[in-house]
Amino acid sequence: MIVGTLLPSDQDGGFFRGDLNLHASIISETTREIHEKYGFVSCQPYQADSSYQLLLRLCGLSFKLPDPFDEHRNEKAITRRMAEVKTEVKALLDQGWEVYTVDEVRLEHEAETRRMWLPRGQRTKLSVDRKKTSQSFFGALSLTSKKVKLYPIEGNQNTEQTILSLDRLQRETETEKIAVVLDNARSHHAKMLAGLYEPGRLLERITPIHLPPYAPDHNPAEHVWNAARNNIANIQRETPEETFGAFASYITGRAFDYDFEHLPPRETRNDFVS
């Protein structure tokens with residue numbers, strides 16, 4: 001229990017103030033951190049865990065587990081490959097190529113319906129129905145215009161949908177030579193896609209550049225999704241169409257000054273996890 005972690009079981013109210021060392025034998029390390037930052041700690045045994053979570057949040061702490069460590073991620077290999085990608089992309093931009101960073105995203109809308117029965121003399125009954133609807137998008141961030149071309153994906157994300165999106169991207173790009181920077185999703189390496197980049201084939205104007213494995217944070221398009229999600233996250237909309245429309249409008253209605261040299265800082269959490 002969070003209560004037991006913050007305070008010993010024999011404390012039933014009040015505040016610690018002044019010299020915390022006077023209470024060293026009966027307080028926890030977490031309590032000490034809160035005291036050192038704010039000058040006091042409540043000894044009141046709150047009933048709701050959220051009260052203690054709020055105190056922790058004020059201290060920049062939480063009981064959430066940190067992001068799982070990916071044993072497949074090789075930082076040295078990622079650094080080496082990203083240096084190669086940056087060099088290649090810069091050379092292509094200097095030659096007048098259009099370079100896009102591309103990615104797919106899946107967005108969900110969850111509708112919650114609550115029904116309540118209040119028969120006289122009986123206990124109230126509450127029924128909750130939840131329905132989820134999803135929509136996937138293909139996005140291509142131009143490293144020259146800083147604008148995003150956004151295409152809805154019909155059905156699931158797969159190689160066929162990637163081909164359709166890349167073909168549309170190619171047709172809507174005036175520049176003759178195009179490079180697309182993709183992550184290492186399985187659909188981006190499929191044989192049926194790789195063959196289409198060859199001369200005379202459907203995607204002959206496109207040159208693919210692949211990011212290192214297990215490094216989505218190095219894809220500027222990934223940060224576009226994060227910005228859009230954060231923008232719409234705190235507003236509950238009535239219909240899936242409103243949710244997906246708000247997401248798309250945010251992305252297509254602005255420029256994103258992201259490239260391989262300028263990315264938002266990675267989110268880090270000061271989690272209180274031993």
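Since we're looking at a predicted model, the values are computed, not measured.
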Pairs touching residues 240-249 that satisfy side-chain hydrogen bond (donor to acceptor under 3.5 Å, both in side chains), sequence neighbours left out: His109-Thr243
Shortest non-hydrogen contact between Ile178 and Trp97, atoms and distance: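 Of all heavy-atom pairs spanning Ile178 and Trp97, the closest is O-CZ3, 3.6 Å.
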Exercise: identify the closest heavy-atom pair between Leu150 and Pro152: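 Taking Leu150 first and Pro152 second, the nearest heavy atoms are O-CD, 4.1 Å.
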Aromatic ring pairing Tyr214/His72, orientation class (parallel under 30°, perpendicular over 60°, tilted between): parallel
Among residues two or more places apart or on two chains, list those pairs meeting salt bridge (Lys or Arg N to Asp or Glu O under 4.0 Å) that have a residue in [range].
{"range": "residues 154-174", "answer": "Asp167-Arg171, Arg168-Glu172"}
{"range": "residues 177-192", "answer": "none"}
{"range": "residues 136-146", "answer": "Lys146-Asp257, Lys146-Asp259"}

Residue pair Arg106, Glu108: steps toward the salt bridge (charged side-chain N to carboxylate O under 4.0 Å, His left out) verdict: CA-CA 7 Å; Arg106 183 171 181 265; Glu108 288 188 347; 2.8 Å; yes
Listed partners of Arg254 passing salt bridge (Lys or Arg N to Asp or Glu O under 4.0 Å), at least two apart: none
Donor-acceptor under 3.5 Å (Arg205 side chain, Glu176 main chain):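 Such a contact is found between Arg205 side chain and Glu176 backbone.
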Check: Asp217 and Glu222 side chains under 4.5 Å, non-hydrogen atoms: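 They are not in side-chain contact.
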Residue pairs involving residues 153-186 (criterion ring-ring contact (aromatic ring centres under 6.0 Å, His included); sequence neighbours excluded): none
Over 12 non-hydrogen atoms of neighbours within 6.0 angstrom of NZ in Lys90: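 No, not enclosed.
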